[in-house]
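Data block below; observations after.
Just so it is clear: chains get the letters A, B, ... in the order the sequence lines come, proteins before strands, and each one is counted from 1.
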Amino acid sequence: MTTELEALQTTLAAEHAAVYVYGLLGSRTSQSAERELYVALRAGYEAHRGRRDMLIGRIAALSAVPEPAAPAYTSPAGLDTTEGRYQAALALERACASTYAALVGATAGERRLEAIALLNDAAARELSFRGIPEIFPGADEYADR
Amino acid sequence: MLLWVLPTFPATIAAPGRDGGYRRAVPDRPLAAAALRRRTAILGLAAAALATGCDTGDDLGEGSRSASPSRSSEPSPSPSASASAESARTPDQALVDEVLAELTGALAVLAQARKAPLLRRPVAQLLRAHRRHVEVLEGDAVVPDATGPTPDPDVSLRSVRRSETTLQAALVDAAGRAESGALAKLLASMSASVTQHLGVLPQKAG
């Protein structure tokens with residue numbers, strides 16, 4: 001059984017990774033030639049950075065030590081093209097949606113409502129990276145049944 | 001080895017039943033509040049049993065005493081039977097029924113909007129999604145027949161948007177109230193699906 005604290009720590013680890021990947025994607029995207037992608041990446045970066053800080057505060061408030069970021073991360077493949085960067089950002093948000101959906105299942109009360117809001121935000125953000133509407137965002141286990 | 005893959009939770013946290021929809025699924029984990037409510041309910045039942053007394057061993061409770069004194073040979077559901085069936089429903093079962101009612105309402109609006117040729121494509125995706133949502137909740141995904149003349153596409157589109165916005169809020173609310181974490185996850189995912197579909201719904205029918 002996963003405790004709420006474990007779920008929050010896992011979500012924090014996801015946010016650390018998301019901040020890294022967004023930073024990387026942003027650094028490879030032209031602010032002028034790829035304006036639409038750049039704006040979406042910038043918004044994603046700021047949103048995840050804010051969540052990372054929020055989660056650090058939540059975990060510390062539970063008298064626990066927030067998980068630090070990993071020393072390094074492997075870059076996603078295919079970042080040399082605009083399409084590749086769109087796909088990487090979309091995959092990132094889908095992974096975040098799965099993490100938030102699991103957080104919903106592991107929390108209650110106000111924290112669950114926060115997790116639901118995060119899931120909805122990730123689902124909406126997928127659209128800005130050329131995602132298409134899914135039937136069960138973040139809960140793939142229901143999709144094939 | 002360096003990793004960028006995001007950590008996710010083990011599937012056991014909130015996996016639905018493999019052989020069917022949600023209601024057959026084993027609740028994943030009792031949340032503290034839910035466990036407390038169940039404990040309170042058990043204490044309540046124990047108190048009621050003490051209050052009614054234990055002098056007659058064959059007395060099953062208040063309902064059986066208030067049933068009609070004339071015995072009938074025909075088996076029929078007694079008020080006590082239906083009352084106990086009602087009380088046996090868990091809060092999550094009642095919640096699922098609430099959500100199914102909301103989904104049925106949304107399907108009716110979509111069925112009406114589908115009559116406008118310009119809206120067939122955008123509405124088809126939503127219909128497909130909601131049918132699956134109903135299926136997973138083990139309801140009957142019957143799309144009601146639309147009646148009346150073909151509606152104005154723009155008016156219908158506004159109705160769809162309003163209906164889906166209401167549904168999305170209802171799903172968020174239900175996910176927040178679910179006692180089972182697995183049900184909460186499922187309902188939250190459905191709300192996110194509606195969010196996405198609203199995001200691609202055209203602003204104008206034409």
Side-chain angles (χ1 to χ4, degrees), chain A residues 1-2 4 6-7 9-15 17-18 20-21 24 70-76 91-92 95-110 112-113 115-117 119-124 126-128 131-143 145, chain B residues 1-22 28-34 125-126 128-133 135-136 168 171-173 175-201:
Chain A
M1 191 169 85
T2 302
E4 187 169 291
E6 287 168 343
Q9 292 280 26
T10 305
T11 309
L12 174 59
E15 296 298 356
Y20 167 79
V21 175
L24 181 66
Y73 298 88
T74 297
S75 308
L92 179 65
C96 284
S98 294
T99 302
Y100 298 145
L103 185 64
V104 169
T107 49
E110 283 301 310
R112 182 187 285 174
L113 291 177
I116 295 168
L119 172 58
N120 272 274
D121 183 82
E126 284 178 29
L127 301 179
S128 61
I132 56 170
E134 299 164 82
I135 297 177
F136 296 105
D140 289 345
E141 65 269 30
Y142 291 100
R145 295 192 303 125
Chain B
M1 184 178 155
L2 305 178
L3 291 174
W4 82 275
V5 177
L6 291 180
T8 54
F9 294 88
T12 49
I13 289 179
R18 285 255 168 238
D19 56 340
Y22 177 76
D28 59 325
R29 58 184 285 273
L31 296 172
Q125 273 195 330
L126 266 167
R128 191 169 140 261
H130 290 338
R131 280 194 186 117
R132 284 289 293 131
H133 294 158
E135 271 174 37
V136 167
Q168 199 271 347
L171 287 166
V172 167
D173 174 64
R177 288 189 287 136
E179 290 194 347
S180 152
L183 179 60
K185 178 185 176 183
L186 174 61
L187 297 174
S189 172
M190 289 181 186
S191 78
S193 173
V194 177
T195 295
Q196 288 184 327
H197 283 91
L198 274 167
V200 298
L201 212 56

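Considering every non-hydrogen atom in both B:S191 and A:I116, the closest pair reads OG-CG2, 4.3 Å. Shown here for A:Y142 and B:A182, the closest heavy-atom pair between the two residues is OH-O, 4.0 Å. B:G199 and A:L127 make their closest contact through CA-CD1, 3.9 Å (heavy atoms, listed as atom of the first residue, atom of the second, distance). The two residues A:L119 and B:A192 come nearest to each other via the heavy atoms CG-CB, 3.9 Å.
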Test A:N120 against B:Q168 for side-chain contact (heavy atoms from CB on, under 4.5 Å), laying out the working first. CA-CA 10 Å; A:N120 272 274; B:Q168 199 271 347; 2.9 Å; yes

I'd like to know whether A:E141 forms a side-chain contact (heavy atoms from CB on, under 4.5 Å) with B:K185, so could you lay out the CA-CA distance, the side-chain angles of the two residues, the decisive distance to 0.1 Å, and finally the verdict. CA-CA 11 Å; A:E141 65 269 30; B:K185 178 185 176 183; 2.7 Å; yes

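When heavy atoms are compared at a cutoff of 4.5 Å, A:E126 approaches chain B solely by way of its side chain, counted from C-beta outward.
A donor-acceptor pair is defined here as one N or O able to donate and one able to accept, closer than 3.5 Å; such a pair exists between the side chain of B:Q196 and the backbone of A:A123. Side-chain atoms of A:R112 come within 3.5 Å of backbone atoms of B:A178 as a donor-acceptor pair (strictly under, hydrogens ignored). Judged by distance alone, with hydrogens and angles left aside, the side-chain atoms of B:H197 form no donor-acceptor pair with the main-chain N or O of A:I135 at under 3.5 Å.
Ranked by non-hydrogen atom pairs under 4.5 Å with chain A, the options B:A188, B:S193, B:A129, B:G176 are led by B:S193.
A salt bridge between B:R132 and A:E134 is absent, with no side-chain N of the basic residue lying under 4.0 Å from a carboxylate O of the acidic one.
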